[in-house]
Amino acid sequence: MKAFVVGATGYVGRAVVEKLRENGADVVGHVRPDSSRLQMWRQRFEAMGAEVSSCPFDVDAFATLIETERVDAVFALLGTTRARGDDYMDIDYGLTRRLLDAVLRQPPAARPYFVYLSSLGAGQPGRGAYLEARTRVEHDLTASGVDALIARPSFISGPGRDEPRPAERVAAVVSDVGLGLFGFFGMSRTRDRLGSIDNHTLAAGLVRAAAEREPGLRVLHSDGLRPKG
């Protein structure tokens, strides 16, 4: 597999690059061209055996890279932690839409598999700016006809984040404790779907789904992204 990971420096993205390389895939990790840590990320990813691209966030640049690198799978892992609604639409939706447009420029037989990191609760309008941006991406993906995975995990939590998120971590722990009762009463699927998931487990699920590349549109929640068996 040749994979192009956009959002490679994020909490999930870096784990995806690592997992792809562990599985022997060729990887191009995208680092935004104005990143103050571009050289650090370049060294980090190249040490894993991955290539690094800092091409502009535009359709032409993405389309050229996908074509010249003969990319088999695109991982759209973009997101912002800012709370302003316009940032969600500009970044979470807008930049992901450019990546989708770049994929659509490829001949149908050469279009890579599109792996999109969405969120639990997406897919229904009117649920806040964060989920609205993801809902729009999901709608566009559905309409595009590309082979794709929409991943809708619950809380993504665990160690190793660049920025502390104590409130989110506490919420995840409290939620997991409560959901433990579901497993006790035989409702393990509900527990596994709604419970928190760490970045490495999530990355493994995304990479596994990309390798399987089921035709059409596939939607997986946390329970479908966890290890099988």
Side-chain angles (χ1 to χ4, degrees), residues 5-7 10-16 19 75-85 87-89 91-93 95-97 99-100 113-143 148-161 163 165-210 212 214 216-228:
V5 182
V6 182
Y11 185 57
V12 176
R14 66 189 75 164
V16 167
K19 188 63 181 179
F75 289 78
L77 312 176
L78 290 159
T80 178
T81 58
R82 298 178 182 176
R84 298 203 324 262
D87 286 325
Y88 291 132
M89 295 310 297
I91 297 174
D92 297 47
Y93 172 74
L95 298 184
T96 305
R97 177 68 223 201
L99 186 57
L100 176 58
Y113 194 67
F114 199 97
V115 178
Y116 174 56
L117 180 58
S118 187
S119 174
L120 184 69
Q124 300 178 8
R127 305 192 68 176
Y130 176 80
L131 291 177
E132 180 62 27
R134 280 156 175 71
T135 296
R136 285 188 61 179
V137 174
E138 290 192 13
H139 177 271
D140 291 0
L141 262 177
T142 302
L149 167 72
I150 293 174
R152 292 179 182 165
S154 183
F155 287 108
I156 305 172
S157 186
R161 284 190 178 274
E163 73 286 349
R165 297 186 181 182
E168 181 179 289
R169 181 59 183 157
V170 169
V173 171
V174 171
S175 175
D176 288 345
V177 170
L179 288 167
L181 295 174
F182 283 79
F184 181 77
F185 289 108
M187 301 172 66
S188 57
R189 184 174 181 182
T190 300
R191 177 200 61 200
D192 291 344
R193 172 170 290 205
L194 301 180
S196 68
I197 187 170
D198 67 86
N199 61 331
H200 290 286
T201 301
L202 176 55
L206 297 176
V207 170
R208 182 173 61 249
E212 293 169 351
E214 293 189 6
L217 184 67
R218 186 181 185 189
V219 179
L220 291 178
H221 294 81
S222 290
D223 56 327
L225 294 162
R226 299 183 194 276
K228 298 179 179 179

Thr201 side chain to Arg226 backbone, donor-acceptor under 3.5 Å: no
Is it the case that Arg134 places NZ or CZ above or below the six-membered ring of Tyr130, under 6.0 angstrom from the centre and within 45 degrees of the axis? yes
Heavy-atom closest pair (Ser222 atom, Pro153 atom, distance to 0.1 Å) is OG-CA, 3.3 Å
Euclidean distance, Leu149 CG relative to Ser118 OG, rounded to 0.5 Å: 10.0 Å
Which atoms form the tightest heavy-atom contact between Leu120 and Leu131, and what is the distance? O-CD2, 3.7 Å
Just wondering, do Phe114 and Ile150 contact through their side chains at under 4.5 Å, heavy atoms? no
Could you give the distance from CG (Leu217) to OG1 (Thr142), rounded to the nearest 0.5 Å? 4.5 Å
Residue pair Tyr88, Glu132: steps toward the side-chain contact (heavy atoms from CB on, under 4.5 Å) verdict: CA-CA 9 Å; Tyr88 291 132; Glu132 180 62 27; over 6 Å; no
Interatomic distance, Ile197 atom CD1 to Asp223 atom CG [nearest 0.5 angstrom]: 9.0 Å
Could you tell me the separation between the CD1 atom of Ile91 and the CG atom of Asp87, rounded to the nearest 0.5 Å? 5.0 Å
Residues Phe75 and Ala210: closest non-hydrogen pair is CZ-CB, 3.7 Å
Closer than 3.5 angstrom, by distance alone: can the side chain of Arg97 be matched with the main-chain N or O of Tyr93 as a donor-acceptor pair? no
Atom pair OH/NE2 of Tyr11 and His200 - distance to nearest 0.5 Å: 7.0 Å
Would you name the heavy atoms of Arg218 and Tyr113 that are closest together and state the gap between them? CB-OH, 4.3 Å
Show, in sequence, the C-alpha distance, side-chain angles and deciding distance for Ile156 and Asp198, and conclude whether the side-chain contact (heavy atoms from CB on, under 4.5 Å) test is met. CA-CA 5 Å; Ile156 305 172; Asp198 67 86; over 6 Å; no
Is the backbone of Leu225 close enough, under 3.5 Å, to the side chain of Arg208 for a donor and an acceptor to pair up by distance? yes
Looking only at heavy atoms, which two atoms of Thr96 and Ala76 are closest? And how far apart? CG2-CB, 4.1 Å
Test log, rule side-chain contact (heavy atoms from CB on, under 4.5 Å), inputs Leu202 and Leu117: CA-CA 10 Å; Leu202 176 55; Leu117 180 58; 4.0 Å; yes
So which atom in Gly13 and which in Val5 form the shortest heavy-atom distance, rounded to 0.1 Å? O-CG1, 4.2 Å
Between Leu206 and Leu77, is any pair of side-chain heavy atoms under 4.5 Å apart? yes
Side chains of Val137 and Asp92: closer than 4.5 Å at any heavy-atom pair? no
